[in-house]
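Input: a single structure, listed below in structure tokens.
All values below come from the heavy atoms of this structure, side chains included, with hydrogens, waters and symmetry mates left out.
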Amino acid sequence: MSGRNEKELTGLSHLGSQQVSYSMTYAPEVLESFDNKHPDNDYFVKFNCPEFTSLCPITSQPDFATIYISYVPGEKMVESKSLKLYLFSFRNHGDFHEDCMNIIMKDLIKLMDPKYIEVWGKFTPRGGISIDPYCNYGKPRTRFEEVAWNRLANHDLYPETIDNR
């Protein structure tokens, strides 16, 4: 099994660059994709971002979360450094937790056209309440459309104890 050749990495401007700048405003344009070398295999790719930050659109107070992104790739995959830069761009973005998770999911669908994707935000409590929005998508007219419904209907059958935050 060989690694990626230079032609396969064409168009990835962030990977390996020492001159990367962090956008202080929402920046979906930083997302980059590359070809999936195994599009006929169904497999999960999972990202965990324990340092996600956005702003409350009402109070401008910071909201902190761990974001879990899992997807079954189709022809394209998201490049991880560009994903990191993209998630950082929410730092000064004012939106409710639920909106942020849906925006992230929709931007990744637009970028990659995955077979399946789910985005789950586990926000730290503010005012004694934590909010954990979950959203998902299965490609229409494929078996992943049913997978999405089943995972949505059953995603939190075993809720966590609240002593871990």
Side-chain angles (χ1 to χ4, degrees), residues 12-17 20-34 36 42-74 76-139 144-145 147-165:
L12 297 180
S13 62
H14 303 302
L15 186 61
S17 173
V20 174
S21 63
Y22 287 83
S23 177
M24 296 308 246
T25 59
Y26 168 67
E29 66 277 2
V30 302
L31 284 169
E32 297 180 342
S33 65
F34 61 92
N36 177 7
D42 293 334
Y43 60 98
F44 267 106
V45 177
K46 185 174 183 181
F47 293 100
N48 302 313
C49 176
E51 299 175 346
F52 181 83
T53 306
S54 62
L55 296 179
C56 173
I58 306 300
T59 66
S60 295
Q61 292 181 334
D63 291 315
F64 303 95
T66 297
I67 306 300
Y68 300 98
I69 300 168
S70 298
Y71 72 100
V72 177
K76 295 287 185 181
M77 300 177 73
V78 64
E79 192 280 314
S80 61
K81 187 170 183 180
S82 77
L83 179 62
K84 175 183 79 167
L85 295 170
Y86 166 73
L87 293 173
F88 183 88
S89 79
F90 279 82
R91 179 161 176 67
N92 292 321
H93 180 74
D95 243 331
F96 291 117
H97 304 343
E98 299 86 350
D99 297 324
C100 289
M101 297 308 97
N102 278 281
I103 289 167
I104 291 167
M105 183 182 73
K106 288 176 181 179
D107 285 344
L108 290 172
I109 290 168
K110 183 178 177 183
L111 175 76
M112 301 184 294
D113 189 27
K115 297 174 185 177
Y116 173 83
I117 189 168
E118 59 189 32
V119 179
W120 195 347
K122 299 183 83 59
F123 285 80
T124 56
R126 255 199 315 121
I129 296 176
S130 64
I131 301 174
D132 297 342
Y134 172 88
C135 54
N136 73 1
Y137 160 89
K139 195 168 199 168
F144 292 100
E145 189 172 33
V147 169
W149 169 248
N150 288 331
R151 286 181 72 92
L152 181 65
N154 298 295
H155 91 279
D156 207 10
L157 291 178
Y158 305 102
E160 66 187 336
T161 55
I162 305 301
D163 61 356
N164 65 345
R165 293 190 217 183

Exam field: side chain Ser82 to backbone Leu31, donor-acceptor pair closer than 3.5 Å: no

All heavy atoms of Ile103 vs all of Tyr26, minimum pair found to be CG2-OH, 3.5 Å

Mind running side chain to side chain contact (heavy atoms under 4.5 Å, CB included) on Leu83 and Glu32 for me, showing each step along the way?
-> CA-CA 8 Å; Leu83 179 62; Glu32 297 180 342; over 6 Å; no

Exercise. For Asn48 and Tyr68, indicate whether the former's side chain and the latter's backbone hold a donor-acceptor pair under 3.5 Å.
Key: no

query = Are Lys139 and Glu145 close enough for a salt bridge, meaning some N to O gap below 4.0 Å?
reply = no

| task | Please state whether the rings of His155 and Tyr134 are parallel, tilted or perpendicular, taking 30° and 60° as the class boundaries. | result | parallel

d(Lys106 NZ, Leu108 CG) to nearest 0.5 Å is 13.0 Å

*asked:* Looking at Ser54, is its backbone amide N or carbonyl O close enough to the side chain of Asp63 to form a donor-acceptor pair, meaning the two atoms are under 3.5 Å apart?
replied: no

Distance col, row Glu51:CD vs Leu87:CG, nearest 0.5 angstrom, shows 11.5 Å

Value for CG (Leu55) from NE2 (His93), rounded to nearest 0.5 Å, stands at 9.0 Å

CD/Glu98: more than 12 non-hydrogen atoms of other groups inside 6.0 Å
yes

Side chain of Tyr71, backbone of Val78: donor and acceptor closer than 3.5 Å? yes

Report yes or no: does Ser89 contribute a side-chain atom to a donor-acceptor pair with the main-chain N or O of Ala27 at less than 3.5 Å? yes

So, Tyr116 versus Tyr137, ring centres under 6.0 angstrom or not?
-> no

Return yes when atom NZ of Lys76 has more than 12 non-hydrogen atoms of other residues, nucleotides or ligands closer than 6.0 Å, and no otherwise. yes

The reported gap from SG in Cys135 to CG in Asn102 (rounded to nearest 0.5 angstrom) is 4.0 Å

